Amino acid sequence: MGQRAFYQQYFYDENVYDLHDGGYKKLAMPAVPEKALAMPSVLQPDRVQGHEAWYTIVAQTGETAILPGKLTQTWGYNASLLGQTLILEDGWHYHVHIENHLPETTTLHWHGLNIPGPITDGGPHAPIMPGEAREIEFTLHQEGAQTDWMHPHPCPNTARQVWQGLAAMVIVTDEHAKNLPIPQEYGVDDLPIILQDRTYHDNQLDYEADYDVDGTLGTVPLVNGTVNGVFKVTTAQLRLRLLNSANRREFRLHFDDGRRFTQIAGDCGFLEQAIDLDRLMLTVPERAEIVVDFSDCQPGDRVQLMSDDAVLCTFEMDEFTKKAQAIPDHLFDVPKWQVDPDSQLQTTVMSGMDDEVLLDGKRFDMTRIDRQQLFRQTVDWEVKNTNDACGGMIHPFHMHGCHFQIISRNGQVPYPNETGFKDTVGVNAGETVRIRVCFDVLGIFMYHCHILEHEDTGMMAQIEVYDPKHPKTYDLKPMHEM
Ligand code: C2O
Ligand code: CU
Ligand code: CU
C-alpha cells in the first residue's frame with residue numbers, strides 16, 4: 001500500500017454553495033434527547049428461486065416518532081418513514097409488485113438502476129393510482145456494486161412526496177464487492193446514512209408552508225429519519241453509505257474531530273483508487289461510500305458527523321469486536337470508455353433560477369421526446385450551467401437509465417472522487433462538465449436537474465434510447481390523461 005492521496009478541501013465552487021442563496025436556511029440540531037440512530041431493516045423477498053427473486057413494495061402512510069411529543073404523519077416504503085433497504089445482486093432477475101396505499105397517485109423510480117424506461121424505470125409515465133398496484137420485472141446489469149435508492153417520481157409532485165418521507169436505499173452487490181477487504185456487515189459496520197433536512201410545525205410537516213421554488217430546505221437535520229441519533233460502534237471501522245436524499249440541500253460533511261476518512265465509492269460504484277479526505281460535499285442526490293477508522297478511540301469516545309457547523313449524528317464507541325482492515329489503494333478497474341467517432345457531441349443547458357428554470361430553453365413535456373441516442377453507442381455530452389447571474393447556483397444533473405463517466409470540468413480534470421461511474425453530477429454556475437454516456441437498455445428516460453422543485457417546475461427532458469433493429473413506438477401521455 002503506497003501513500004494514499006489526501007485532499008483537504010470540499011470540491012465545488014464555494015461562491016455557489018446553497019448557503020449564499022437568499023432563501024437559505026441554516027441547519028441546527030434542536031435541543032432534543034439523543035436516541036438510537038434508526039437502521040432501516042432489510043426488505044425480505046417473498047420468494048427466491050435460483051438467481052430470481054420476488055419482492056413486494058408498499059408505498060404507505062404512517063406515523064413516526066421523530067421529535068418528542070406528538071407523532072409525525074409520514075410516508076414510507078414498507079415502513080412508516082423512508083423505507084426498508086433492498087439488497088440486490090447484480091445479474092439477478094427481479095419481479096417487483098408495487099402497491100400504492102397512499103391517498104394520491106405515485107410512481108416508484110429506481111434511481112441508479114440501469115433498467116428499461118419509461119415503465120420499469122418508474123418515472124412519470126408509470127403512475128400507480130391510489131389503491132392500485134403495478135408489476136414490473138427486470139434483470140440487473142450494473143457496472144458493479146453500488147448504493148442506489150428508490151423514490152417517487154410523479155409529475156409534478158416528486159418533491160412533496162419525498163418531503164413526506166418516501167425514499168429507501170437500494171444496495172446492489174456483486175462478487176467483486178464481497179471480496180474486497182472492506183466492512184460488509186449491514187447495520188453493524190456497513191451502514192446506510194440517509195441525509196435529509198425538514199422543518200416541523202407542531203411536529204408535523206407542512207410542505208406548502210416551507211416550499212421554496214429553488215429547493216425546499218428544512219432546519220432540522222435527519223439521518224435515517226432520526227433527529228440526534230447515536231450509533232454504537234462495535235467495530236474499529238465503519239463503512240458509511242452516504243445518500244443525500246434532501247430536496248435541495250448540499251451536505252458538506254466532516255467529523256467534529258477533523259478525522260480523515262477514505263472514500264471508496266461514488267454514485268454508481270467504486271472509485272478506481274481510494275482517496276483520503278477530511279471533508280466531502282454531496283449535492284442532491286449524490287452518493288458516496290466512505291470508510292472511517294476509529295482504531296484510535298476508546299470505549300465511550302464520541303465522534304460526530306457534521307455538515308458545516310451542524311451536528312448530524314453521533315458515533316459512540318463500544319468495545320470493538322473487529323479490527324480495522326487495510327483498505328486497498330486500487331478498488332476497481334473502471335473500464336475506459338472511448339467515445340464513438342460516429343457520434344455527435346450533445347449539449348444540454350441548465351438555466352435560470354426560481355420559476356424560470358429551463359432545460360435546453362424548454363419546460364418539461366411528457367409527450368415530447370427531446371432527443372435520441374443509439375443503444376450502446378458511447379456519446380459525449382456537455383452539460384452546461386449558464387446560471388451565473390446573481391452568484392448563480394449549483395444544478396445537480398441526473399440521467400435515468402445509464403451511468404456516465406466524468407471526463408472534464410471546464411476542460412480541467414474532474415474532481416478526484418469522480419473517477420467511478422456516476423448518475424448525477426453537480427454542475428457549478430458558469431461551468432461546463434463533459435460526461436461520457438452509454439445506455440445499454442432501451443426506452444424513454446428522463447434527464448433533469450435533481451433539485452426536486454426544479455424538476456417539478458419543469459427543468460427536465462426526455463431521451464429515447466433506440467435500436468434500429470428493434471424499433472419501438474411509445475404512446476406518451478401527460479399524467480392527467482393516464
Ligand atoms: Cu432520482 Cu429522475 O430521479
Ligand atoms: Cu433517476
Ligand atoms: Cu436546478
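When a ligand or atom number is given, it counts from 1 through the structure's own listing order. Since we're looking at a predicted model, the values are computed, not measured.
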Open item on the list: Looking only at N, O or S atoms, which one in His111 sits nearest to atom 1 (Cu) of ligand 1?
Closed with: ND1
- [ ] Inspect the contact between Arg371 and Asp360 and indicate whether a charged nitrogen and a carboxylate oxygen are less than 4.0 angstrom apart.
- [x] yes
Open item on the list: Does this structure show an ion pair linking Arg198 with Asp210, if we count only N-O contacts that are shorter than 4.0 Å?
Closed with: no
TODO: Start with the C-alpha gap between Tyr55 and Gln44, add the side-chain angles, then the distance that decides, and say whether side-chain contact (heavy atoms from CB on, under 4.5 Å) holds.
DONE: CA-CA 7 Å; Tyr55 281 94; Gln44 295 305 314; 5.9 Å; no
Task: Basic-acidic side-chain contact under 4.0 Å: Arg252, Glu14 - done: no
Task: Backbone or side-chain N/O/S of His400 under 2.8 Å of atom 2 (Cu) of ligand 1 - done: yes
- [ ] Looking at His153, pick out the N, O or S atom nearest to atom 2 (Cu) of ligand 1 and give its name.
- [x] NE2
Open item on the list: Below 2.8 Å, can you find an N, O or S atom of His450 next to the Cu ion (ligand 3)?
Closed with: no
Open item on the list: Below 30° counts as parallel, above 60° as perpendicular, anything between as tilted: where do the rings of His151 and Trp149 land?
Closed with: tilted
Open item on the list: Between atom 2 (Cu) of ligand 1 and His448, which N, O or S atom of the residue is the nearest one?
Closed with: NE2
- [ ] State whether the number of non-hydrogen atoms from other residues, nucleotides or ligands found under 6.0 Å of Glu52 atom CD is greater than 12.
- [x] yes
Task: Rounded to 10 degrees, the angle ND1 of His395 makes with ND1 of His454 at the Cu ion (ligand 3) - done: 110°
Task: N, O or S from His151 under 2.8 Å to atom 1 (Cu) of ligand 1 - done: yes
Task: atom 1 (Cu) of ligand 1 to nearest N/O/S of His450 below 2.8 Å - done: yes
